[in-house]
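All residue numbers refer to positions in the sequence shown, counting from 1.
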Amino acid sequence: MYEKDGEEIFVIDGHVHLWDARTENITHEGGEQFIQCFYDYHTGFTPEEKQWDMDEYRHYGADRMASDLFGNAAADMAIFQPTYLTEFYDEGFNTTEQNAELAEEYPERFVLNGSFDPRDGEEGLRYLEHLKEEYDIPGVKLYTAAWRGDSKGWRLDSDDAFEFLEKCSDLGIENINAHKGPTIRPLNRDAFDVKDIDDAASSFPELNFIVNHVGLPRLDDFCWIAAQEPNVYGGLAVASAMSTNRKRKFGEIMGELLYWLGEDRILFGSDYALWNPDWLVDQVMNAELTDEQRDEYGVELDVDTMKKVMGENAARLYDIDIEEKKRQFRDDAMTERFDLADHYGGDAGAAAD
């Protein structure tokens with residue numbers, strides 16, 4: 001486990017993918033534009049010595065993913081967030097079924113989410129039922145800007161989407177993860193607008209709406225919505241990467257989130273493989289607010305706060321017993337593979353390398 005100031009930090013990376021952007025999987029020019037845009041984000045916010053080359057970035061595979069997430073114990077668990085994009089990629093960019101292969105190999109380490117698209121109608125509802133029956137998914141990842149035929153997006157507050165959210169409620173799929181953040185070429189910026197979260201969260205108070213990327217660049221809109229809707233949470237993927245070379249901006253984002261949402265509704269995510277928790281966790285954990293930000297927001301990035309952000313909040317949403325997991329990880333398959341027994345076997349964890 002990661003250690004900060006003598007305290008163990010159980011890290012749940014709330015936003016990871018296992019994608020396939022190899023050229024032979026691309027069926028539309030948008031697929032190439034999409035992965036090139038991802039790579040620009042990667043190089044823009046990754047220390048030069050940690051950057052990947054484009055070939056490995058297109059398809060890194062399950063073994064590399066397991067090593068990057070858990071090899072040095074920077075992360076203890078991870079939550080899959082699928083992004084299908086079947087209009088751009090023949091076998092999909094990152095589907096539940098693709099993620100399931102690794103999640104089923106290490107079930108104690110991964111949480112497997114599914115997805116839905118209301119434009120799929122009755123067939124989509126049956127697929128959602130299948131995902132729950134086959135994988136017992138606790139949540140879904142939604143990509144409202146995904147193209148489908150002539151459609152270039154959909155809204156969470158539409159009648160069709162409400163039918164799927166009602167199905168999620170009926171099936172016990174409680175965690176609704178919505179991409180509401182920066183646009184990715186060639187998708188449309190407005191299709192990622194955060195405003196449709198408002199009515200959806202109000203209409204389904206029994207569901208948890210985790211807004212991935214905290215609405216960036218619409219942080220103000222997100223915070224005003226989340227302040228009024230207690231079942232809205234902020235996922236830090238993309239925002240967390242700013243802790244590298246936009247430290248003041250990261251402090252501003254965290255200050256706003258802690259001021260409006262409080263420390264119990266913010267979830268860490270690396271957005272792997274855009275960025276890698278084996279270095280990003282350390283960057284986030286060592287981030288600091290400026291004196292001006294402390295005065296303005298009246299908050300601190302102290303260890304107790306970061307324990308919640310880095311893992312405890314996600315554990316609560318996904319019914320993860322952290323203490324039980326620590327016991328399991330003393331001799332689970334991932335611990336044996338990477339020789340991590342010292343990280344979980346004693347009274348204190350070991351700092352990430």
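In this structure, Ile322 CD1 and Glu324 CD are separated by 12.0 Å, a value rounded to the nearest 0.5 Å. Once rounded to the nearest 0.5 Å, the distance linking NZ of Lys50 with CG of Leu280 reads 11.5 Å. In this structure, CH2 on Trp154 lies 4.5 Å from CG on Leu156, to the nearest 0.5 angstrom. Separation of atoms CD1 (Ile253) and NZ (Lys249) is listed at 5.5 Å; rounding is to 0.5 Å. The line from CG of Leu142 to CG of Asn177 is 7.5 Å long, rounded to the nearest 0.5 Å. Taking CG of Asp53 as the reference point, atom CZ of Arg58 lies at 10.5 Å (rounded to 0.5 Å).
The existence of a salt bridge linking Arg148 and Asp117 is confirmed by a sub-4.0 Å separation between a basic side-chain nitrogen and an acidic carboxylate oxygen. Salt-bridge check for Lys247 with Glu288: failed, with every basic side-chain N at 4.0 Å or more from each acidic carboxylate O. Using a 4.0 Å cut-off between a side-chain N of Lys or Arg and a carboxylate O of Asp or Glu, Lys152 and Glu87 do not qualify as a salt bridge. Under the 4.0 Å criterion applied to side-chain N and carboxylate O atoms, Lys307 and Glu312 are not assigned as salt-bridge partners. Salt-bridge formation is not detected for the pair Lys4/Glu7: no Lys NZ or Arg NE/NH1/NH2 atom is positioned less than 4.0 Å from an Asp or Glu carboxylate oxygen.
Put simply, the side chain of Asn208 never gets that close to the backbone of Asn231: no donor and acceptor are under 3.5 Å apart. Without hydrogens or angle criteria, Thr335 side chain to Arg330 main chain gives no donor-acceptor distance under 3.5 Å. Proximity of a side-chain donor or acceptor of Asp20 to a complementary backbone N or O of Arg22 within less than 3.5 Å is detected. Of the possible polar contacts, one joining the Ser203 side chain to the Asp199 backbone as a donor-acceptor pair under 3.5 Å is found. A donor-acceptor pair is defined here as one N or O able to donate and one able to accept, closer than 3.5 Å; no such pair exists between the side chain of Asp198 and the backbone of Ile225. Here the side chain of Thr305 pairs no donor or acceptor atom with the backbone of Leu301 at under 3.5 angstrom. Looking only at distances, a side-chain donor or acceptor of Tyr60 sits under 3.5 Å from a matching main-chain atom of Trp19. For the pair Thr86 (side chain) and Gly92 (backbone), a donor-acceptor distance under 3.5 Å is absent.
When all heavy atoms are compared, the tightest approach of Thr96 to Gly114 is OG1-CA, 3.3 Å. Minimum heavy-atom separation, Phe164 to Pro118: CE1-CA, 3.4 Å. For the residue pair Arg155 and Ala161, the shortest heavy atom distance occurs at O-CB, 3.3 Å. In plain terms, the two heavy atoms of Ala146 and Leu85 that are nearest each other are CB-CD2, 4.2 Å.
By the ring pair (Phe, Tyr, Trp, His ring centres under 6.0 Å) test, Phe10 pairs with no residue at all, sequence neighbours left out. In this structure Asp76 satisfies the side chain to side chain donor-acceptor pair (under 3.5 Å) test together with Tyr344, sequence neighbours excluded. Residues passing the salt bridge (charged side-chain N to carboxylate O under 4.0 Å, His left out) test with Glu129, sequence neighbours excluded: Lys167. The salt bridge (charged side-chain N to carboxylate O under 4.0 Å, His left out) test applied to Arg64 returns Glu56, Asp68, not counting sequence neighbours.
Taking the ring centroids of Phe38 and Phe34, they lie under the 6.0 Å cut-off. A distance below 6.0 Å separates the ring centres of Phe204 and Phe162.
Sorted by first and then second residue, the ring-ring contact (aromatic ring centres under 6.0 Å, His included) pairs with a member in residues 63-90 read His28-Phe88, Phe70-Phe110, Phe80-Phe110, Phe88-Trp147, Tyr89-Phe93; sequence neighbours excluded.
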Stepwise salt bridge (Lys or Arg N to Asp or Glu O under 4.0 Å) test for Asp304 and Lys308
CA-CA 7 Å; Asp304 288 340; Lys308 293 182 176 183; over 6 Å; no
Under the criterion ring pair (Phe, Tyr, Trp, His ring centres under 6.0 Å), I'd like the reasoning laid out for Tyr57 against His42: C-alpha separation, chi angles, the key distance, then a yes or no.
CA-CA 9 Å; Tyr57 196 73; His42 168 74; 4.9 Å; yes
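Side-chain contact check for Leu267 versus Ile79: every heavy-atom pair is 4.5 Å or farther apart. Between Tyr135 and Glu104, some side-chain heavy-atom pair lies under the 4.5 Å cut-off. A heavy-atom distance below 4.5 Å is found between the side chains of Thr290 and Arg248.
A salt bridge (charged side-chain N to carboxylate O under 4.0 Å, His left out) with Asp332 is found for one member of Arg109, Lys325, Arg337 and no other, namely Arg109.
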For residues 211-221, please give each side-chain donor-acceptor pair under 3.5 Å, one per line with the distance, not counting sequence neighbours.
| unit_1 | atom_1 | unit_2 | atom_2 | d |
| --- | --- | --- | --- | --- |
| His213 | ND1 | Ala237 | O | 2.8 |
| His213 | NE2 | His179 | ND1 | 3.1 |
| Arg218 | NE | Asp193 | OD2 | 3.4 |
| Arg218 | NH2 | Arg189 | O | 2.9 |

